[in-house]
Participant: 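Below is one structure. I have some questions about it.
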Amino acid sequence: MAPFDQPDRADRPATGKRHPRATAQIVFLLVDNFSHLAFSCAIEPLRIANRVSGQPLFRWSLASADGVSAACSNRSVTLVDRGLEPLRHVDRLLVVSGDGVQDRATPEILAYLRRERAAGTPIGAICSGAYLLASAGFLKDQAAAIHWEYHDVVAELFPDVRLVRGVFVADQKVITAAGGTAAADLMLHLIAAEHGPALATAVADRMVYNAVREATAEQRVSLQARHGMRNESLMRAVELAQENLEDPVSPREIARALGLSTRQIERLFQRHLGTSPKRFIMQTRLTRARNLLVQTDLSITEVAVACGFKTPSTFSKVYRAHFDVSPGAQRTTLR
């Protein structure tokens with residue numbers, strides 16, 4: 001088990017303190033190439049909560065497939081406490097993964113997760129870990145958060161998962177966080193739920209984290225913030241384009257849905273985004289296509305259909321013109 005810092009009485013929250021509870025036992029399963037940022041944001045709030053409260057509210061141990069260590073995406077190596085042997089007296093198992101998670105959904109890890117679920121261990125995931133839980137069959141008809149880079153692949157491979165754009169999901173049987181600092185948001189939420197908002201606020205202050213987000217906060221910088229715009233019609237037009245990639249809508253259809261003229265829609269896109277609606281829609285479809293090529297084993301024909309292209313030849317031609325590489329070569333190069 002990980003050691004604890006000694007309590008600092010000056011840091012203890014003055015209000016909102018609840019009756020002491022049994023120490024929560026948490027196991028982090030570190031999957032090779034895991035996100036070091038997400039892991040740090042998940043474990044540090046627990047350590048700080050212990051220090052600030054002066055009580056061992058949380059204990060944790062680390063697990064990996066080989067029971068020795070796990071390498072993260074920045075190439076540093078973390079030693080672990082255990083392998084994939086059965087857990088006992090654990091309050092939660094959290095799966096932490098990162099880039100290339102598709103290759104980490106091994107029979108060994110999936111069998112471990114299914115065995116722990118069958119034994120009644122509460123399971124959650126951080127960053128791309130929701131992909132592993134979906135692969136194990138845990139997220140059917142459930143809301144889940146995953147890093148935005150994996151939204152396309154999960155939506156395509158696991159259509160029964162109700163993906164959210166928010167930073168975490170904590171009101172479901174399986175909790176999930178999108179990764180990065182979203183892991184801190186989730187942990188602060190759990191600390192507040194178990195030990196009161198005063199302790200969670202004290203932990204956030206100790207982290208110099210003054211922008212704690214609710215679960216529904218968007219993962220990415222909004223289009224409005226990125227381009228400094230506040231035009232509601234344009235925002236809705238962009239949403240319509242992004243929601244209909246498999247069966248693309250035309251600028252005329254967008255204009256009709258918003259009660260505007262096609263000319264007005266074109267002016268909005270040009271003024272705020274520096275491009276035409278037609279080009280914006282195509283760029284969005286091609287970006288999704290690239291994600292699916294790199295992150296899935298779908299055939300080029302299947303990717304073409306998923307992104308609204310009628311034939312693979314048309315898709316390949318447009319893709320090459322935009323990225324200056326064929327879909328097949330793109331898949332090989334980026335992988």
Side-chain angles (χ1 to χ4, degrees), residues 26-31 33-35 37-39 41-43 45 73 90-106 109-118 120-190 192-193 212-220 222 239 242-243 245-246 288 291-292 294-296 298 306:
I26 299 175
V27 174
F28 291 92
L29 173 60
L30 304 182
V31 179
N33 214 33
F34 69 94
S35 166
L37 173 60
F39 173 55
C41 286
I43 202 169
S73 54
V90 169
D91 292 282
R92 195 177 301 277
L93 169 63
L94 292 175
V95 181
V96 187
S97 57
D99 294 336
V101 67
Q102 303 91 315
D103 297 328
R104 314 299 175 187
T106 62
I109 285 181
L110 295 182
Y112 170 73
L113 293 174
R114 288 174 180 137
R115 185 180 69 234
E116 288 305 319
R117 181 179 173 89
T121 303
I123 298 177
I126 293 170
C127 196
S128 63
Y131 180 96
L132 295 172
L133 301 192
S135 298
F138 298 170
L139 298 179
K140 184 176 181 180
D141 299 324
Q142 181 181 300
I146 194 170
H147 193 286
W148 60 265
E149 285 189 316
Y150 286 91
H151 270 235
D152 289 335
V153 60
V154 171
E156 191 66 29
L157 297 181
F158 308 104
D160 53 2
V161 178
R162 294 188 288 112
L163 288 177
V164 301
R165 295 290 176 180
V167 289
F168 67 84
V169 171
D171 60 352
Q172 302 282 301
K173 187 173 182 180
V174 178
I175 64 172
T176 47
T181 56
D185 296 309
L186 173 62
M187 290 304 182
L188 290 169
H189 174 87
L190 296 178
V212 182
R213 296 169 293 183
E214 295 295 327
T216 54
E218 288 284 338
Q219 290 185 37
R220 305 178 72 179
S222 68
E239 289 175 357
Q242 294 175 336
E243 292 168 357
L245 298 182
E246 190 167 336
R288 181 171 195 251
N291 287 342
L292 294 179
V294 176
Q295 298 175 359
T296 74
L298 294 174

Participant: Not counting sequence neighbours, which residues clear side-chain contact (heavy atoms from CB on, under 4.5 Å) with Ser97? List them please.
Facilitator: Val31, Val101, Ser128, Leu132
Participant: Quick one: list whatever passes side chain to side chain donor-acceptor pair (under 3.5 Å) with Gln102, sequence neighbours left out.
Facilitator: none
Participant: How would you list, by chain and number, every residue that makes a side chain to side chain donor-acceptor pair (under 3.5 Å) with Ser73, sequence neighbours excluded?
Facilitator: none
Participant: Apply side-chain contact (heavy atoms from CB on, under 4.5 Å) to Thr181 and list each qualifying residue two or more places apart in sequence or on a separate chain.
Facilitator: Cys41, Tyr209, Arg213
Participant: Going by the rule ring pair (Phe, Tyr, Trp, His ring centres under 6.0 Å), which residues pair with Phe158 if we only count those two or more places apart in sequence or in a different chain?
Facilitator: Tyr131
Participant: Could you tell me whether the side chain of Asn33 reaches within less than 4.5 Å of the side chain of Arg104, counting heavy atoms only?
Facilitator: yes
Participant: Among all residues two or more places apart in sequence or in another chain, which pass the ring pair (Phe, Tyr, Trp, His ring centres under 6.0 Å) test with Phe28?
Facilitator: Phe39
Participant: Under the side-chain contact (heavy atoms from CB on, under 4.5 Å) test, which residues partner Leu190, sequence neighbours left out?
Facilitator: Ile175, Leu186, Met187
Participant: With sequence neighbours left out, what residues match Val164 under side-chain contact (heavy atoms from CB on, under 4.5 Å)?
Facilitator: Ala143, Ala145, Val169
Participant: Can you run down the salt bridge (Lys or Arg N to Asp or Glu O under 4.0 Å) pairs that involve residues 138-155, sequence neighbours left out, and say none if there aren't any?
Facilitator: Asp152-Arg288
Participant: Go through the structure and list residues passing ring pair (Phe, Tyr, Trp, His ring centres under 6.0 Å) with His189, not counting sequence neighbours.
Facilitator: Phe168
Participant: Of all residues at least two apart in sequence or in a different chain, which pass the salt bridge (Lys or Arg N to Asp or Glu O under 4.0 Å) check with Glu243?
Facilitator: Arg236
